[in-house]
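As structure tokens, the structure follows; a few thoughts come after it.
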Amino acid sequence: MSTIPLPSAPSEPTPPSAGIDAARAAELKAANINPRTGLATDYLNHFNEAVMLLEMIPDIPECAEDFLQWHPLSYAEHFTASNFAARDLAIEAYETADVGMRAEFDNITGTMTAILVAVHEAMREAQQDGTRAKLALQATGWVKPLVSAAGGIINGGSEGDVEYIMTH
């Protein structure tokens, strides 16, 4: 009679920073890059700028023109174009970050980009300030929780936190 092996308990995932030495972790931390995730919150400034402009449109309709000047940037493009002191380190840390975590992060930032691009196109076509204000309010309601979810990933928050934010 053969025995069926029982599945072993799942092991805890190894945090991305577990494989880096203390000097590398200190270098990342000093550059405002999370050593556990390899991501920097500075990238969220790109989305926060768009959200800030959208929030202003209902009260200052002329801000729609400023929003229409906003263009999507990838993580690497953002840091390449920025004055971030450790931009090369930020890009390298992103490229070597945990593949699954980075995919989740890229999914969220890709969703934010898609929303903002769609609103950008709709706002360009809209002629009425009221229509632009409604588009801005809707987009803000969609993007702000995603910025929070992306921040949770950058800061090593749990998947449960991200799932909660994405569904509420």
Side-chain angles (χ1 to χ4, degrees), residues 7-55 66-123 135-136 138-168:
S8 60
S11 62
E12 287 296 314
T14 304
S17 64
I20 65 173
D21 63 30
R24 173 69 171 183
E27 177 186 29
L28 292 171
K29 188 174 182 178
N32 291 318
I33 300 167
N34 187 313
R36 291 182 317 173
T37 64
L39 300 173
T41 57
D42 190 82
Y43 181 52
L44 298 182
N45 292 339
H46 176 61
F47 297 101
N48 286 327
E49 175 189 359
V51 168
M52 179 189 71
L53 292 169
L54 288 168
E55 288 177 326
D66 294 328
F67 173 71
L68 292 174
Q69 298 302 311
W70 181 90
H71 297 287
L73 296 172
S74 69
Y75 193 89
E77 289 168 340
H78 167 77
F79 283 103
T80 299
S82 78
N83 292 324
F84 192 75
R87 67 176 156 262
D88 293 335
L89 180 60
I91 293 167
E92 185 267 327
Y94 167 82
E95 290 172 350
T96 59
D98 174 76
V99 175
M101 185 263 320
R102 194 175 70 218
E104 185 177 359
F105 177 75
D106 289 346
N107 183 48
I108 291 172
T109 59
T111 300
M112 288 190 289
T113 298
I115 291 167
L116 292 169
V117 166
V119 170
H120 189 277
E121 291 170 5
M123 201 168 286
L135 286 167
Q138 268 189 319
T140 300
W142 294 329
V143 174
K144 282 178 90 169
L146 295 173
V147 170
S148 294
I153 293 170
I154 291 169
N155 293 312
S158 72
E159 289 181 29
D161 295 339
V162 172
E163 287 177 20
Y164 177 82
I165 290 168
M166 295 288 286
T167 59
H168 289 84

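Scope of the values below: all heavy atoms of this structure, side chains included, with no hydrogens, waters or symmetry mates.
Looking at Asn32 and Thr41, their side chains never come closer than 4.5 Å, going by heavy atoms from C-beta outward. Annotation: side chain of Arg36 is not in contact with side chain of Asp98 (no heavy-atom distance under 4.5 Å). Put simply, the side chain of Leu39 reaches to within 4.5 Å of the side chain of Met101, judged on heavy atoms. Proximity of Leu116 to Phe67: side-chain heavy atoms (C-beta onward) are separated by under 4.5 Å at one or more points.
Closest of all the heavy-atom pairs between Ala86 and Ala31 is CB-CB, 3.5 Å.
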Worksheet item: Can you list the steps and then say if Ile33 with Tyr94 is a side-chain contact (heavy atoms from CB on, under 4.5 Å)?
Response: CA-CA 9 Å; Ile33 300 167; Tyr94 167 82; over 6 Å; no
Discussion item. side-chain contact (heavy atoms from CB on, under 4.5 Å), that's the test. Do Leu28 and Glu92 meet it? Break it down for me.
Written reply: CA-CA 11 Å; Leu28 292 171; Glu92 185 267 327; 5.7 Å; no
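Residues forming a side chain to side chain contact (heavy atoms under 4.5 Å, CB included) with Glu95 (at least two apart in sequence, or on another chain): Ile91. Under the ring-ring contact (aromatic ring centres under 6.0 Å, His included) criterion, Tyr43 pairs with Phe47, Tyr75, His78, sequence neighbours left out. Partners of Asp88 according to the side chain to side chain contact (heavy atoms under 4.5 Å, CB included) rule, which considers only residues two or more places apart in sequence or in another chain, do not exist here.
Here Ile153 contributes atom CD1 and Arg102 contributes atom CZ; the two are 12.5 Å apart, rounded to the nearest 0.5 Å. A distance of 12.0 Å separates CD of Glu121 from CG of Leu135, quoted to the nearest 0.5 Å. Atom-to-atom distance recorded for His71:NE2 and Thr113:OG1 is 13.5 Å, nearest 0.5 angstrom. We find the CE-CG distance between Met112 and Leu146 to be 6.0 Å, quoted to the nearest 0.5 Å. Residue Lys144 holds its NZ atom at 9.0 Å from CG of Asn48, rounded to the nearest 0.5 Å. With rounding to the nearest 0.5 Å, the separation of CH2 in Trp142 from CG in Leu54 is 11.0 Å.
Judged by distance alone, the side chain of Trp70 and the main-chain N or O of Val51 form no donor-acceptor pair under 3.5 Å. Using modelled atom types, one side-chain atom of Thr37 and one backbone atom of Ile154 make a donor-acceptor pair closer than 3.5 Å. In terms of modelled atom types and a separation under 3.5 Å, the side chain of Thr80 and the main chain of Glu77 share no donor-acceptor contact.
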